[in-house]
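Within every chain, numbering begins at 1; the chains are lettered A, B, ... in the order of the sequence lines, protein sequences first and strands thereafter.
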2 protein chains.
Amino acid sequence: MSKCEQCIVRQFSSLKALNKDELLRMAECKTSYTIKKGEPIFEEGEVTNGIYCIKDGVCKLSKLSDNGKDQIVKLVKPGELLGQRSMISDEPANLSAVALEDMEVCFIPRSEVMQFFTQNNQFSMNVMRTICDDLKGADDHMVNMAQKTVRQRLGETLIYLEETFGKNEDGTLHIQLSREELAGMIGTATESCIRLLSELNKSGYIELTGKKITLLDKNKLKRLT
Amino acid sequence: MSKCEQCIVRQFSSLKALNKDELLRMAECKTSYTIKKGEPIFEEGEVTNGIYCIKDGVCKLSKLSDNGKDQIVKLVKPGELLGQRSMISDEPANLSAVALEDMEVCFIPRSEVMQFFTQNNQFSMNVMRTICDDLKGADDHMVNMAQKTVRQRLGETLIYLEETFGKNEDGTLHIQLSREELAGMIGTATESCIRLLSELNKSGYIELTGKKITLLDKNKLKRLT
DNA sequence: AAAATTGTATGACAAATATCATATTTTGAT
DNA sequence: ATCAAAATATGATATTTGTCATACAATTTT
């Protein structure tokens with residue numbers, strides 16, 4: 001059982017507000033998991049009974065729509081927490097969390113988190129602010145879905161992926177999404193996504209090398225019409 | 001200056017957790033406003049410095065998109081609070097709030113609310129749960145925008161309007177939205193919205209009498225393809 | 001290594017939706 | 001009541017996007 005005190009990613013989450021005593025208690029009750037790429041952490045409708053702290057790897061939060069397609073709502077990075085909303089609302093998960101890479105996560109039971117919540121005001125303010133950020137993000141995302149074309153959304157998503165997850169030494173996007181997953185972020189059919197990527201490739205806005213994507217002209221990608 | 005203690009709508013909001021003492025303090029520092037239909041309560045980007053409690057009337061929360069169209073994110077009813085997210089994140093408003101009917105609202109300064117926040121745990125839990133509900137709603141809304149057709153969104157929106165705001169004695173929707181506003185909820189062009197309404201009218205799913213709308217077959221409206 | 005499965009790509013076409021033009025109706029102001 | 005402005009309606013057309021079919025490539029299994 002590793003010590004939460006020494007865990008670096010904690011510093012990036014709401015958990016940074018916890019004191020030594022609280023960290024020791026957390027280290028005792030937490031469970032660590034290794035999740036392989038493609039495996040779920042939890043599924044929509046599941047009762048989670050706690051939160052997950054992401055130590056390593058990226059996962060997608062998605063929701064199955066009536067038309068059978070999986071819409072990706074958010075990507076989550078190391079240092080972020082999962083399942084906060086469900087825990088506070090005391091409801092089953094509204095979204096599924098599936099690993100996009102091999103991951104390491106820690107599960108902290110609901111009872112423990114709720115204790116921190118009432119004891120440590122700074123911690124609960126941190127959680128609250130995170131949820132507020134998520135709400136703003138979701139509202140903005142919604143407006144984009146409603147008002148922008150698939151083309152524009154693709155351009156903006158590619159830039160988001162580069163800015164959030166960085167590039168490899170060869171300049172290609174570091175995060176690896178299948179075409180289907182990219183389509184699921186944008187909210188379009190997989191074929192449309194592939195077709196538009198191929199078009200942006202021909203226009204010289206991006207470069208496709210196998211499954212790798214390189215952004216060549218970010219200014220133009222921002223202003224696609 | 002009216003007494004918050006006797007205000008009925010308070011019971012429907014997070015403010016129901018306040019005790020007598022807190023209510024008296026709130027009554028002293030609050031400001032009441034009358035807002036006419038079409039007027040803003042606050043605009044996107046504005047620093048609000050407090051929250052609004054809606055006593056009477058409905059308003060829209062919307063955001064101006066890059067394409068110049070106003071996307072309606074949410075409709076807000078009496079008893080609900082406005083500006084909670086901005087207050088907690090300590091940011092300017094992300095959305096504009098504009099009255100759809102004549103309204104009565106009370107403004108409570110940030111300093112006062114923050115005091116309740118630290119003193120009254122039940123109150124802060126209520127606020128937190130409200131924001132969590134909004135987040136879930138926004139995620140679901142986003143998935144609908146991304147995955148459903150304009151037709152389906154129109155059908156679902158009409159049902160939402162009837163279920164949330166009720167009907168008049170003649171069976172028409174009680175809430176009055178212009179075609180442009182309805183289009184702004186659905187995320188489509190005003191002409192497309194008008195055309196689809198007219199089509200649903202001809203198919204007998206709804207009835208249009210001037211600007212009044214009556215839902216005739218809710219089951220079919222739910223399952224539009 | 002061959003076969004099977006899965007992911008990517010592209011063409012052909014259909015359907016949905018946006019845009020522009022122009023009536024028509026309703027509302028508000030004088 | 002009349003006029004101007006705004007909202008609603010509808011047609012014509014262009015564009016975007018989805019769907020289905022099929023091909024090709026890459027990966028996994030046998």
Open item on the list: For Asn168(A), is there any backbone N or O sitting under 3.5 Å from a side-chain donor or acceptor partner on Thr172(A)?
Closed with: no
Task: Interatomic spacing from CG in Leu200(A) to CZ in Arg151(A) - rounded to 0.5 Å - done: 6.0 Å
Task: Side-chain N or O of Ser192(B) closer than 4.0 Å to phosphate OP1/OP2 of dA18(C) - done: yes
Open item on the list: Please determine whether any donor N or O and acceptor N or O are separated by less than 3.5 Å between the side chain of Arg195(B) and the base of dT19(C).
Closed with: yes
Task: Separation of dT8(C) C1' from Glu199(A) CD (nearest whole Å) - done: 17 Å
Open item on the list: Distance check needed: dA7(D) P versus Leu182(B) CG, whole Å only.
Closed with: 15 Å
Open item on the list: Check the phosphate of dG7(C) against Thr190(A), side-chain N and O only, distance under 4.0 Å to OP1 or OP2. Yes or no?
Closed with: no
TODO: Starting at atom NZ of Lys37(B), determine the distance to atom C1' of dA7(D), rounded to an integer number of angstrom.
DONE: 12 Å
- [ ] Please state how far atom CD1 in Ile194(A) lies from atom C1' in dA12(C), giving the value in whole angstrom units.
- [x] 16 Å
Task: Within 6.0 angstrom of Glu39(A) CD, more than 12 heavy atoms from elsewhere - done: yes
Task: Parallel, tilted or perpendicular: ring planes of Tyr52(B) versus Tyr33(B), cut at 30 and 60 degrees - done: tilted
- [ ] Determine: side-chain N/O of Arg151(B) to OP1/OP2 of dA16(C), distance under 4.0 Å, yes or no.
- [x] no
TODO: Check DNA chain C against residues 205-225 of chain A and give the residues with a non-hydrogen atom under 4.0 Å, in numerical order.
DONE: Lys211(A)
- [ ] Among the candidates dT17(C), dT17(D), dA9(C), find the nucleotide nearest to the side-chain atoms of Val150(A).
- [x] dT17(D)
Open item on the list: Measure CG/Leu196(B) against P/dT10(D) and give the value in whole Å, please.
Closed with: 12 Å
Task: Distance below 4.0 Å between Ser198(A) side-chain N/O and dT8(C) OP1 or OP2 - done: no
- [ ] May I ask you to decide if Glu44(A)'s main-chain N or O and Ser96(A)'s side chain share a donor-acceptor pair within less than 3.5 Å?
- [x] yes
- [ ] Take atom CD of Gln152(B) and atom C1' of dT17(C), then tell me their distance rounded to the nearest Å.
- [x] 14 Å
Task: Distance-only polar pair, side chains of Asn67(B) and Lys148(A), donor-acceptor under 3.5 Å - done: no
TODO: Mind calculating the distance between CG (Leu177(A)) and C1' (dG7(C)) to the nearest angstrom?
DONE: 14 Å
- [ ] Would you indicate which nucleotide in dG18(D), dT8(D), dT19(C) comes nearest to any side-chain atom of Lys69(B)?
- [x] dT19(C)
Open item on the list: Does any part of the side chain of Leu224(A), heavy atoms only, come nearer than 4.5 Å to the side chain of Thr149(A), both counted from C-beta?
Closed with: no
TODO: On DNA chain C, check which nucleotide each of Ala146(A) and Glu191(A) is closest to and give me the residue with the more 5' one.
DONE: Glu191(A)
- [ ] Mind calculating the distance between NZ (Lys148(A)) and C1' (dA18(C)) to the nearest angstrom?
- [x] 18 Å
